[in-house]
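Written below as structure tokens is the structure these notes are about.
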Number of protein chains: 2
Amino acid sequence: MNNKVTIADIAKELNLTGATVSRALNNRKGTSEETRKMVQEAAERMNYRRDRIAWSLRSGRTNIIGVIIPSAEINFFGSVVHGIESMANQHGYNVLIYQSNEQPEYEKKGIETFLSTRVDGILASIAKETMEFSHYLEIRERGVPLVFFDRANDSLNIPSVVVDDYKGAYYATEHLIRQGYKRIAHIAGQQHLKIFKDRLEGYKAALAAYGIPVEDELVYFGNVSIDAGRQAIQHLLQLPSPPDAVFAVEDFTALGAVKELKDQKVEIPAEFGVIGFANESFDEHITPSLSSIDQQTVQMGKEAFRLLMELIADGESTGVQTRSKIVLEPVPRYRQSSQRSGKIS
Amino acid sequence: MNNKVTIADIAKELNLTGATVSRALNNRKGTSEETRKMVQEAAERMNYRRDRIAWSLRSGRTNIIGVIIPSAEINFFGSVVHGIESMANQHGYNVLIYQSNEQPEYEKKGIETFLSTRVDGILASIAKETMEFSHYLEIRERGVPLVFFDRANDSLNIPSVVVDDYKGAYYATEHLIRQGYKRIAHIAGQQHLKIFKDRLEGYKAALAAYGIPVEDELVYFGNVSIDAGRQAIQHLLQLPSPPDAVFAVEDFTALGAVKELKDQKVEIPAEFGVIGFANESFDEHITPSLSSIDQQTVQMGKEAFRLLMELIADGESTGVQTRSKIVLEPVPRYRQSSQRSGKIS
DNA sequence: TTGAAAGCGCTAACAC
DNA sequence: GTGTTAGCGCTTTCAA
């Protein structure tokens, strides 16, 4: 039943010793061409597979990386994981998944098991509820390479891969301006999260660049949800001088805005422009199709893995961790919801 | 830097032997209350963490399960993984992810590394391109528990968790009938996949149950894509006696159908009813919102894990694998695209 | 070129 | 109750 073939078995079969078989299997120098071939054939024939556990114990490596995400159910993270796993695969690494459910306690548990599994490195996206980062610092203290993706914290000096939220927001807002909208509102996200703060800043910067004053009453603070979008529109349309366009911090919020505008019989994009952020899969299928900013999810996963590989290589040779940060370019996807003029800009 | 604390360190610190420390840490009988406490305190103080690699080598277990999915980028699988991981987490297991990209070669590679990593069990969803299953059988031969989810193959006698596609299709078709549609078409998927075949059967069965003849010309064979849905509608509307409703094998196909119908100015649901399968996230956000059949993704993941746990437990005690198959009930989500009458049925 | 021996960190048998 | 010993499967000195 459990036909586990070991190096010892091969050695016995060929009247050799384990050491030689090991050398032959790993193509180490110091084995005759002849024995090497013989051993490898025997291994094949006997259906031998190297035991990675034993190998790990001996070598101190696992060829496993740990990935902490808030939830595999969120599209965005599934997509990043896709990028990570495909790269890992190519490089002989395996990927261990852990979901934080946005809770720091789970993050800690995940890190705990990752360290105890001796993963070669960790990729993580910080949980929304996490305000204190000692568990992440412990990873570094242990000498295990760590890279943040998407949700990073710059003050920790830990390498990261993020999308340029500021620039994305700038693009989105600028696009609305160029489409001729005059009063552009923003539905902002929770400001303790850097990504959402950056988007607010980008929005303000774009307005400023075009000489448009930023009006506090046009910035609605909500969160990422359809409801928040609806509420925002209800609020904004009641203003004495209501806006004629909105940049929403995230696509679900934008979706709520669209739904509410439709309910209130406001024409999109003729009377009111809408643009979101994230390029969710539903964007192109709703009516009108929703303009958005793509976050390069798969690319993000790939870059994160690549950066981690570098750290692992560096750590092995010098023990010095190169600090670095990769910022990906956001890609605008302008669709119907914001195209008032015929031209695309 | 790499402050790895081992059992030996604790033993030395307390003038004990490794065995005793191990016993104390694992709360084995045969240690005095006193030493146990002392050891556990020391472990805490010295920041000891059990090395799972060494433990695995010794115990022959890893507390890791391997999961093979076609792609983490596909919503459906992200959602199932979410279910699997949350259960695994609760039970002290970790989850290794491998993407097959729908290719049997990748499946083989994944199985290879899983076996070599000595995972305690494997969950898998078969790749579309896979026609030959020896690599799956090898898992069983090795004595490693295996459970299929969603894409299973009944002839292999391997336990599985699937949704009742036949019944789901039956529900969908019956719903259209009850809504008063008279000529109901079906856009079918690739028939070498059991799940799609079952849906076709369910469609036929529902028609038969209501005394409606199955007309071959109303069954369009396409695949799962927006384009296929569009082409199907183009074809169906040209028929001498065109249908007035369609059950599409999958939501993206249904989406294509909806888009084409709208382009051709056919009113949904007044003139034409549409229902899909999968309950994709975009369903409720498009106009009209799309009726569909929910596949219980998260539940599927949870059940698959539970079943795997049973197999692992069984295997340890008796070595006998209980054959079993869990069939989940599909849940209809009737929305605007198929509700011609006011009443929901 | 090959073999012998040690050890990665842990735990289970068996002694004391 | 605690210590001694051995071994999980592998690789890597050091010797031959």
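Here the structure is a predicted model, which means the values were calculated and not measured. Quick note: numbers below take in every heavy atom, side chains included, and nothing from hydrogens, waters or symmetry partners. Proteins come first, then strands; the chains are lettered A, B, ... in the order of their sequence lines, and each starts at number 1.
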> Starting at the 5' end of DNA chain D and moving along, which residue's nearest nucleotide shows up first, A:Tyr48 or B:Leu16?
Replying inline: B:Leu16
>> Could you tell me how far apart B:Lys29 (NZ) and D:dT2 (P) are, to the nearest whole angstrom?
In response: 16 Å
> Looking only at heavy atoms, which two atoms of B:Asn153 and B:Phe148 are closest? And how far apart?
Replying inline: N-CD1, 4.1 Å
> What's the CG-P distance between A:Asn26 and D:dG9, to the nearest Å?
Replying inline: 17 Å
>> Using side-chain heavy atoms (C-beta onward) and a distance below 4.5 Å, is B:Val119 in contact with B:Ile65?
In response: no
> Ion pair present between B:Lys4 and B:Asp51, side-chain N to carboxylate O less than 4.0 angstrom?
Replying inline: no
> Does B:Ile69 reach the side chain of B:Val80, with side-chain heavy atoms less than 4.5 Å apart?
Replying inline: no
>> So B:Thr35, base contact, sugar-phosphate only, or nothing? Heavy-atom distance under 4.0 Å.
In response: sugar-phosphate
>> Mind checking if B:Ser22 touches a base, just sugar-phosphate, or nothing, with heavy atoms under 4.0 Å?
In response: base
> Hey, are A:Arg306 and A:Glu303 close enough for a salt bridge, meaning a charged N less than 4.0 Å from a carboxylate O?
Replying inline: yes
> On DNA chain C, which is the earliest and which the latest nucleotide, 5' to 3', with an atom closer than 4.0 Å to a heavy atom of chain A?
Replying inline: C:dT1 to C:dG9
> Are any non-hydrogen side-chain atoms of B:Val162 and B:Asp150 less than 4.5 angstrom apart?
Replying inline: no
Pairwise N/O distances under 3.5 Å, protein to nucleotides 4-8 of chain D:
unit_1	atom_1	unit_2	atom_2	d
D:dG7	N2	B:Arg58	NE	3.3
D:dG7	N2	B:Arg58	NH1	3.2

>> Using only atom types and a distance under 3.5 Å, with no angle test, would you say the side chain of A:Arg50 pairs donor to acceptor with the backbone of A:Leu25?
In response: no
>> Using modelled atom types and a 3.5 Å cut-off, is there a donor and acceptor pairing between side-chain atoms of A:Asp120 and backbone atoms of A:Thr62?
In response: yes
> Does any non-hydrogen side-chain atom of A:Lys128 lie less than 4.5 Å from one of A:Leu193?
Replying inline: yes
>> Given A:Arg151, which partner from the list A:Glu102, A:Glu129, A:Glu107 fulfils the salt bridge (Lys or Arg N to Asp or Glu O under 4.0 Å) test?
In response: A:Glu102
> What bend angle does the helix from C:dT1-D:dA16 to C:dC16-D:dG1 show across its length, from five-pair end axes and to the nearest 10 degrees?
Replying inline: 50°
>> Applying side chain to side chain contact (heavy atoms under 4.5 Å, CB included) to B:Lys325 and B:Leu307, what does each step give before you reach the verdict?
In response: CA-CA 9 Å; B:Lys325 177 168 177 169; B:Leu307 187 47; over 6 Å; no
